[in-house]
Every structure is written in structure tokens, then in C-alpha cells.
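Convention: sequence-line order gives letters A, B, ...; per-chain numbering from 1.
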Amino acid sequence: MSGQPFNKENIGRRSFLLRAGLVTAGIFFSGCLRRIGGRKSEYEHIQGNLRGPNAKAGHMLRDKMPLPLSSRQENVKTLIIGGGISGLSAARWLKKNGETDFKLIELEDHTGGNAYFGSNAVSKYPLGAHYITLINNEDQQLIDFLHETQVITHFDEQGLPFYNEYYLVFDPEERLLINGHWQSGVVPDFGVPDTERKQIERFFKLVTQYQNTKGSDGKYAFNIPIDESSADEQYRQLDNLSFTKFLHNHGFDSSYLLWYLDYCCKDDYGRHAKDVSAWAGMHYFCSRRGKAVNAEPNSAITWPEGNGWLMKQLRSTVSDHILTSHMACDIRLQSDGVEVKVYDHSTNNTYTCKAEQVILASPQFVNQKILNGIDRLGVDYSKMNYSPWLIANITVNNLPTSEKGMVLCWDNVAYGQPSVGYVNANQQDIKLIEEKKVITYYLPLCDKEPRLSRLAAYTRTYDQWLDIVIPEMEQMHPGITPHIDHIDLWLWGHGMIGPATGYVWGETRKQAKQPVGDRLYFAHTDLSGISLFEEAFHQGINAAQHIIDKKHAS
Amino acid sequence: MEILVGLVGGTSSTILFMVFENISSFRIVLYGLISFTGILVGLEIPLLMRILKDRFEFKELVSKIFTFDYIGALIASLVFPLLLIPYLGLIKTAYLFGMLNVLVALVACIMFKDEVKGVKYLKSAAIITLLGLLAGFIYSERITSLSESLTYSDPIIFSESTPYQRIIITKKGRDLRLFLNGNLQFSSVDEYRYHEALIHPVLQALPNAKHILVMGGGDGLAVREILKYPQIETVTLVDLDKEMTRLFRSNDMLVRLNKRSLLSPKVTVINADAFSWARAQQRTFDAIIIDFPDPSNYSVGKLYTNTFYGVVKHLLSPDGIMVVQSTSPFVAPKSYWTVDRTLQSVGFHTVPYHDYVPSFGEWGYIMAMRQSVYHVPDHYVAGLKFMSKPCLEQMLFFPKDMARIPAQVNRLDNQILVKYFEDEWSTVQ
Ligand SMILES: Cc1cc2nc3c(=O)[nH]c(=O)nc-3n(C[C@H](O)[C@H](O)[C@H](O)COP(=O)(O)OP(=O)(O)OC[C@H]3O[C@@H](n4cnc5c(N)ncnc54)[C@H](O)[C@@H]3O)c2cc1C
């Protein structure tokens with residue numbers, strides 16, 4: 001084994017098992033103690049449960065459980081596996097280009113993947129992806145989609161878009177609890193000494209520089225989609241360096257600045273700055289140049305259900321082609337096509353789907369299990385690491401308003417805390433006063449390597465999660481506990497891919513993007529290395545376009 | 001000593017509550033009280049040690065005192081936010097703890113009667129203090145309203161908290177005043193100046209207006225002015241707060257003030273959120289009167305955005321006129337001209353004007369319409385106390401100190417108005 005990309009030292013399998021054992025045993029025993037002690041009485045009134053992606057499906061794929069015998073065969077020209085943004089975008093593109101003979105299968109009983117959402121009597125709320133930012137103006141395909149769905153309402157004479165006022169995030173946008181005070185904006189400012197302020201300024205100067213730099217190939221140094229970025233070595237080599245190292249090399253040592261950048265990496269990648277590459281770390285800041293007539297640069301666009309809203313728009317164009325609770329379990333290449341074993345969770349049946357070609361819009365850690373006897377040369381699956389996350393949707397009947405400083409914003413972050421804060425799911429509500437609110441709290445589980453964090457996370461009970469979530473909420477809003485009605489927890493074992501050092505421009509990603517024998521095409525954000533709606537959208541289009549081109553060629 | 005801690009601690013929040021209005025002295029009093037309590041508590045430790053030194057070893061003694069101190073602090077820090085403040089409220093909690101302190105003193109007096117001099121005197125002092133605090137505990141509700149009445153210079157004759165706001169009505173002589181969340185809405189002495197200026201420039205210019213929409217203005221005073229035009233067939237009033245409109249339909253004094261306007265068969269009262277309601281409407285109105293509270297926070301601020309004005313524009317008939325109360329162009333010129341710019345940004349022509357309302361100061365309004373000319377009406381309905389042609393002509397003129405300044409559009413995603421409003425008004429208050 002070549003060693004974990006996230007850890008300098010080489011952790012052998014045995015040492016991993018030992019650590020895993022210790023961590024899970026610790027959690028287990030604290031759980032037992034807790035059970036004896038009973039639930040903390042101040043949490044007694046809080047209702048809710050702990051959910052996550054279909055556990056049975058995960059189990060079936062991981063442990064290769066025997067399936068019921070295949071009962072029938074179905075034929076389809078193109079089969080899309082996975083109903084996340086990538087898969088839905090591929091389906092939309094096929095349809096838009098006149099294809100009708102295709103099916104999309106999704107193992108969950110709903111589409112959406114990481115952009116799935118929930119709802120209760122008070123509000124809809126995100127369970128994962130929750131916003132996009134202004135789109136780069138040269139990204140015509142995405143601009144078109146946003147225009148179709150009225151996220152962009154119209155354009156001015158110069159072609160600059162007007163964004164829908166109800167979707168641009170409402171003011172006030174963000175605040176940070178720092179030095180006992182809620183300041184406006186999340187870049188540390190309140191109580192920050194001048195010398196550190198200067199460093200923060202210097203960092204943003206560097207950002208502006210990179211943002212507008214183009215390489216010798218005429219492409220921006222950092223771009224979205226990622227594969228539109230310049231191939232110049234001077235930029236790409238940043239991928240071989242951790243973000244922390246890069247910052248150190250540039251003489252950035254302000255603890256406030258480093259906290260902020262670490263927070264950004266956690267927010268976007270679910271990993272600490274030391275565990276992502278410098279290229280990815282800078283990409284977060286330097287790849288967005290979107291302009292609009294009626295919004296400031298970098299403005300966020302959001303909905304109560306987060307990107308679930310965009311997901312529904314994508315889905316609405318192809319809903320007749322979608323089969324949910326259908327899981328691809330086994331994929332074999334044959335001389336005349338692809339044979340996919342599909343398990344139907346709702347009827348507990350298996351059937352064989354024969355397709356001319358397949359788009360795998362499922363993550364590579366799944367593909368590794370279901371591609372049967374298919375070798376993807378140069379792909380090292382161990383280089384792909386997915387960040388686990390805990391999302392808590394908290395229904396509060398009153399947020400304490402006695403705090404000092406800025407009032408409730410869309411994004412609310414506390415300095416130096418494990419979570420990346422919470423968003424107000426009701427921010428886009430035009431009503432003046434809501435008696436109840438849903439706030440969505442995001443906790444990246446990144447303090448240990450992903451495997452270990454994941455294992456530990458699976459061990460925790462609902463009550464044990466409350467012990468993590470509530471004290472942090474109390475820290476932000478003393479006295480909030482009695483005002484919490486509901487906490488719905490959602491655990492992503494494999495959230496988004498983490499762009500570890502060497503992943504974005506390394507061999508594995510390059511090879512994993514390659515189609516296999518004109519039959520298998522791949523579309524998933526783990527093939528971008530940076531998990532964004534925009535990437536997923538283009539992953540889907542690119543895969544579908546291959547198929548459309550192939551048809552035209554023949 | 002313990003009695004003193006009880007007294008100071010117990011009454012502290014009441015004192016603070018009362019001086020809160022006067023911010024500069026509030027600080028001094030706050031820190032003074034905290035220091036005083038701190039000194040008293042600090043003095044207690046060596047005192048306790050002196051008293052107990054004969055009973056325990058010194059080392060043990062110190063650690064015992066500190067242990068109890070810490071345990072006490074721990075328990076208090078848990079019990080305070082979780083139990084006491086939510087259930088008893090701040091003022092009651094303070095009294096409760098004051099009483100506990102005095103009780104400790106009382107018990108101590110009894111237990112250590114041989115070691116303490118003047119036990120009798122101390123005991124009676126403790127009991128008196130205890131009774132005082134008990135009274136405070138019981139009457140704390142009244143204290144809240146007492147301190148409230150100090151905030152308002154006139155006697156309070158009505159107060160109620162609705163889900164949306166705290167409504168207070170004061171009366172002194174013939175001056176009846178309405179406060180929402182502490183902000184003056186009108187004084188009966190001069191409210192006619194405000195309401196005549198809000199309504200008549202619009203309605204005098206629309207002799208054929210039949211259907212009128214009023215948003216905000218749950219006091220019915222704007223509606224009272226509207227009903228002076230006999231040709232008007234319907235008035236639709238949209239106000240968030242049911243309590244407000246109920247009050248101004250049922251309270252004798254208030255009904256007399258608004259001339260039973262909300263009870264008129266022409267008037268339909270709708271208690272709804274204005275933004276959501278407007279978005280769902282199809283019909284149009286000949287005139288729209290927008291009389292919302294000032295844009296002092298991001299919630300109300302939404303009702304001053306280009307998006308909102310775009311929505312209400314759809315509700316205005318082609319020749320209709322809308323008017324918006326737009327804060328003071330004298331105190332808050334940036335805010336005022338931002339409203340003007342925002343109205344223009346959705347395609348309205350605007351006619352800004354202002355008048356002097358003694359209880360408010362110089363106040364501003366803006367008419368908005370599709371057509372580009374507004375003619376000052378020649379005639380005015382009977383029974384007006386303020387409005388006339390020369391008066392309106394004067395109101396349309398902006399002297400230099402209130403003249404138009406360049407402004408930006410107030411948007412849902414960038415509510416500059418709320419920031420301006422806060423800046424501009426905080427410098428006067
Ligand atoms: C907590 C969190 C917050 C995020 N926040 C944002 C954000 O704010 N903005 C943003 O742009 N991005 C965000 N992201 C990134 C997000 O992952 C992407 O934006 C995008 O939704 C990924 O889509 P995808 O289709 O590539 O992958 P996925 O969402 O992983 O979709 C893959 C789909 O394939 C299905 N599947 C897997 N195996 C099989 C099988 N064998 N058979 C059938 N179906 C299968 C899965 O169930 C899933 O639905 C966030 C991610 C997480 C985890």
C-alpha cells in the first residue's frame with residue numbers, strides 16, 4: 001500500500017484496525033454509559049432521528065451479498081447509473097439532443113444524491129449541497145440552463161445576466177462569532193490586530209492576482225469547470241503541495257487568516273487545509289469571476305431546499321426516464337454491449353439490463369465494486385477519499401436575539417469551532433416574521449483520516465450526536481436548547497471527494513475520466529476532484545455528448 | 001455582609017432595567033453594581049475563613065471554601081440559563097437569588113449567634129431585607145411596567161405584546177400616542193398633518209379613483225382620510241397584526257380618533273404578510289398607500305426593495321398613483337433618496353414631497369406613478385386641517401439641506417437602506 005494521501009506517516013493496516021477499534025470501542029462504551037445515565041434531561045423535549053443514504057444498499061455493494069436470481073432481461077440503448085446532479089444532467093442532455101431511448105436508475109427511493117433535501121411543517125431544508133455562486137459568464141451551457149429555469153431572468157444589451165431576485169441570497173448574508181461578538185462577514189475582522197489584518201489583505205491581493213491570470217494556453221489559471229484551467233506547469237505544480245505548506249511558503253502565519261482558510265477548506269471540501277492541495281485551496285478563491293447586472297461578484301444563489309431546487313429542475317425534463325430504488329450491482333462488458341444486473345429494492349427483484357452503452361454517474365468507490373472484470377488502467381482507487389459529514393436540521397421556535405453585533409444571517413459561523421456553522425433555511429422567505437425556523441448545521445468529520453472518521457461516525461447514536469451538536473449551538477446562542485423543537489440528523493458516510501495533494505492533476509483522475517471501450521462513460525464530481533454543482537453539471541453533459549457524437553459519427 | 005449582597009444583587013436588575021434608557025449612565029451603574037457585588041463577595045471569603053478557622057484546619061478550610069465556591073458557581077451557571085431565566089425571567093431570578101443570600105445570612109445569624117456581635121440587630125435587618133425582596137419578587141411584573149412607564153414620558157393607558165410587536169398607547173391630556181416596539185407611530189395632536197399629507201396629494205389627483213389599497217396603517221387613520229371621498233367604493237387594508245386592527249376597531253378612544261374607519265362597510269381588513277399577499281394578487285387598485293414602519297431591520301427592509309415595488313407595480317392600475325412613507329429627508333437624507341431611487345429603478349416616475357409633523361420632525365413621502373407628470377390639484381375635499389394647494393406646492397420644494405443626493409437601489413440581496421437608516425438615525429438619538 002502506498003500510504004494514505006492524508007497522512008504523512010504510513011499507517012499500516014494493522015495500526016489502522018487498532019486505532020479504528022479503539023475509537024469505536026470508546027464511542028460504544030460512552031454510549032453504554034449514556035444509556036445508563038439516561039438522556040440529558042435538558043434534551044428530553046427534542047425530537048428527531050438519525051438518517052442517511054440507504055444503508056442496506058451500501059452493505060450489499062460492499063460485501064457483495066448474493067442477489068436474487070435475475071428474473072428478466074430489459075434492453076435500453078443508454079443506461080445512466082446514478083440520479084445525482086451528474087446523472088440527471090447527462091439525462092437532460094441526451095433528451096435535449098433528441099435521444100429518447102435511455103433510462104436512469106438510482107438506488108435511493110429519490111433522486112438528488114448529495115443535493116437531496118428534506119422538509120417538515122416549518123420549511124424545506126438542504127441535507128447536503130445548498131448553494132451555487134454567480135456563474136462564470138463564458139459557461140454558456142450552464143447559463144442556458146439557468147435561463148431556462150428563470151434563475152437568470154434576462155440579459156442586458158452587453159449580454160450580462162440579471163439573476164432572479166428571489167434566488168440571490170437575501171441580505172444579511174454572513175456573520176462570524178469572534179471574540180465574543182457577531183461581526184458581519186466571515187473574514188475575521190473584529191478584534192484582529194493590525195499586523196494580521198495586513199496579512200489577510202495580502203492574501204486577498206494574491207487571490208485577485210491569480211483570479212485574473214491566464215496561462216500560456218490562453219486559459220485561466222483556475223477555472224470552473226476545472227478541466228478548463230490552464231495546463232501550465234507553474235500552476236499545476238501547486239497540486240503537489242499541501243495548502244498549508246503553500247501558505248507557509250508565502251509567509252502567511254496569522255492565526256486568524258489560517259483559521260479562515262482552514263474553515264474554507266472544511267466548508268468546500270470537508271477537509272482541513274493540510275489535507276487538500278494548494279491548487280485546490282486556491283481554486284476555491286480564484287476560479288469565480290461571474291458577473292451580473294444586479295448582484296455583486298461572488299454572490300450566492302440559494303433556495304430553502306438548497307441545490308435540491310436545481311436538482312428538481314434538471315429532473316423535471318426527464319422524469320419519465322427515471323427508475324428509483326433501482327441499484328446497479330454488477331456490470332460486465334460484452335462484445336455487443338454492456339450487461340448490468342439491477343436490483344430493485346422495492347420489489348426485492350433482480351433483472352438484467354442490456355445496454356449499448358452505460359453512463360456511470362455513480363461515485364468511483366461504488367464503481368470499483370460493481371465493475372466486474374473491467375480494468376481501468378492507472379486508476380488507484382485508494383487515492384480517492386470521500387469526506388464524511390453530519391448535517392443537523394434544527395427546528396427552533398425562537399432564536400435568542402440578545403447577542404451582540406450582527407443579527408441572524410444566511411450563513412452563521414463561529415470562530416474556532418469544529419463545525420462550519422449553520423445556514424438559515426428560511427433566508428429566502430419573503431415573510432417578515434416566522435415564528436419557527438429551520439437552521440441547517442454542517443459538521444465536516446475531518447479530524448481523523450476519512451476512513452476512521454466514517455467508522456466512528458457510524459458508531460454514534462442519535463443522542464451522542466446531540467452531545468456534539470447542541471453544545472456548539474449553545475456556544476453560539478446561549479440558552480437556545482429549550483427553544484429547539486426538532487433535530488433531524490443526516491450522516492453522509494461518503495460525502496464529497498477531498499482534493500488531496502496530487503489528486504486533481506494526478507494520474508488517477510486522468511485515467512478514471514477515460515471511457516472504457518466506447519461502452520462505459522463516467523460522470524461524477526469525484527472525477528473533477530472538486531465537488532461543485534457546476535462540475536457535476538458538466539460531468540453529465542460531457543459523458544452524454546460522447547454518446548451523441550458517437551451516434552453522429554456512425 | 002450577606003444581607004448586603006442580597007440587597008444589591010437582588011435589586012440590581014431592577015435598577016439596571018430602570019436606568020437602561022439613559023445609556024451613558026447605564027454603563028456606570030452596571031459596572032458599579034457588578035464591582036460592588038464582586039467586592040462584597042470577595043470580602044466574604046476571608047471573613048468566612050475567620051469565622052470557620054477554629055472549626056477546621058487552615059489548608060482544609062481554604063480548599064473547602066473554594067470547593068464550595070466553585071461547585072456553587074458551577075450549579076449556578078447551569079441552573080441560570082436552563083431553568084431560572086426561562087421560567088422566572090431576569091428580574092424575578094435576581095430577586096430570588098437576593099433572597100437566598102439573605103436567607104443564608106439569617107441562618108448564619110442563628111447558627112453562629114455566639115460568634116457574631118449584634119445578632120439581634122442583624123437578624124431584624126435580614127428579615128426586613130428579605131421582606132423587601134419578597135415584595136420585589138412578587139411585584140416584579142408591576143416593576144416591568146413601572147420601568148416601562150419611565151421610558152414613556154406620558155402615562156401608559158394600554159400595553160400589549162402581540163406575536164409581532166409590543167403595542168403601547170399613552171395619554172396625557174388630549175395627546176394620545178401610539179408606540180410600536182418603542183417607536184412613536186402617531187400623536188393625536190398632530191397626526192392629521194401626517195395622514196393628510198400621505199393621502200390627499202394622491203387622491204385629490206385621482207377624482208375617479210374607486211378602489212384603494214392600504215398596506216400597513218392598521219390604526220385606520222389613513223383610511224379615515226380616504227373615506228372623505230364619497231366616490232371611493234372599496235378600501236382594502238393589509239396589515240400584519242390582527243391585534244392592531246382589532247384594537248382600532250374596538251377601543252372607544254381609538255375608534256373615535258379614526259372615525260370608525262375600520263368599521264366602514266367599504267373597508268376590508270386583511271391580516272396578512274404584505275409581501276406574500278401582494279405576490280399572490282391579480283386585481284389592480286387605483287391608488288396604493290404604503291404606510292409601513294421605518295426600515296429599521298432586515299425584515300421590514302424587504303418591503304422597501306425594488307423587488308417589492310416591482311410586485312406592487314403590478315397591482316397599480318395604469319393611471320394609478322402610489323405613495324410611500326419614506327422616513328425623514330432631513331434626518332435621513334440618504335435613506336429617503338434611496339427609497340426614491342429604488343422606486344425609479346422599477347420604472348416609476350416619482351414625486352418626492354415632505355412636511356413638518358411636530359412630534360416626528362420633518363417627514364418625507366414619495367408618490368410613484370407610470371405617467372411622468374403630476375399636476376398639483378386645485379381643490380381639496382372639505383374638512384381638512386392642513387392640506388391645501390399652496391401647502392402642497394411648498395411641500396414639493398426641497399431646500400438645500402434636504403436636496404436630492406445620488407443614491408443606489410435597495411435590493412433584497414443588498415439592503416443598503418437598513419444600513420443607512422441605522423447610521424443616520426443613530427447619530428440623532
Ligand atoms: C455536505 C455536502 C455539502 C455540499 N455543499 C455543496 C454546495 O453548497 N454547493 C455545491 O455546488 N456543491 C456542494 N456539495 C457537492 C455536491 O456533492 C455536488 O454539488 C453534487 O451534488 C454532486 O453530484 P454527483 O452527481 O456528482 O454525485 P452524487 O450526489 O454522489 O450522486 C451519485 C448518485 O448515484 C447514486 N448511486 C450510487 N451508486 C449507485 C448504484 N450502484 N446504482 C444506482 N445508483 C447509484 C447515489 O445514490 C447518488 O444519488 C456538497 C456535498 C456535500 C456532501
> Do you know the tightest heavy-atom contact between B:S276 and A:K431?
Replying inline: OG-CG, 3.5 Å
> Measuring heavy-atom distances to chain B, does A:E296 have an atom under 4.5 Å in its side chain, in its backbone, in both, or in neither?
Replying inline: both
>> For B:K334, is the NZ atom crowded, meaning more than 12 foreign heavy atoms sit under 6.0 Å from it?
In response: no
>> If I measure from the heavy atoms of chain A, does B:Y298 come under 4.5 Å with its side chain, its backbone, both, or neither?
In response: side chain
> How long is the span from the CG atom in B:D273 to the CD1 atom in A:I430, to the nearest 0.5 Å?
Replying inline: 6.5 Å
> A:T153: what forms a side-chain contact (heavy atoms from CB on, under 4.5 Å) with it, not counting sequence neighbours?
Replying inline: A:Q150, A:F162, A:N164
>> Would you say that more than 12 heavy atoms from the other residues, nucleotides or ligands in this model lie under 6.0 Å from the CD of A:Q417, or not?
In response: yes
>> With a 4.5 angstrom heavy-atom cut-off, is it the side chain or the backbone of A:E165 that approaches chain B, or both, or neither?
In response: both
> So, for B:D413 and A:N294, which heavy atoms are closest and what is the spacing to 0.1 Å?
Replying inline: OD2-O, 3.8 Å
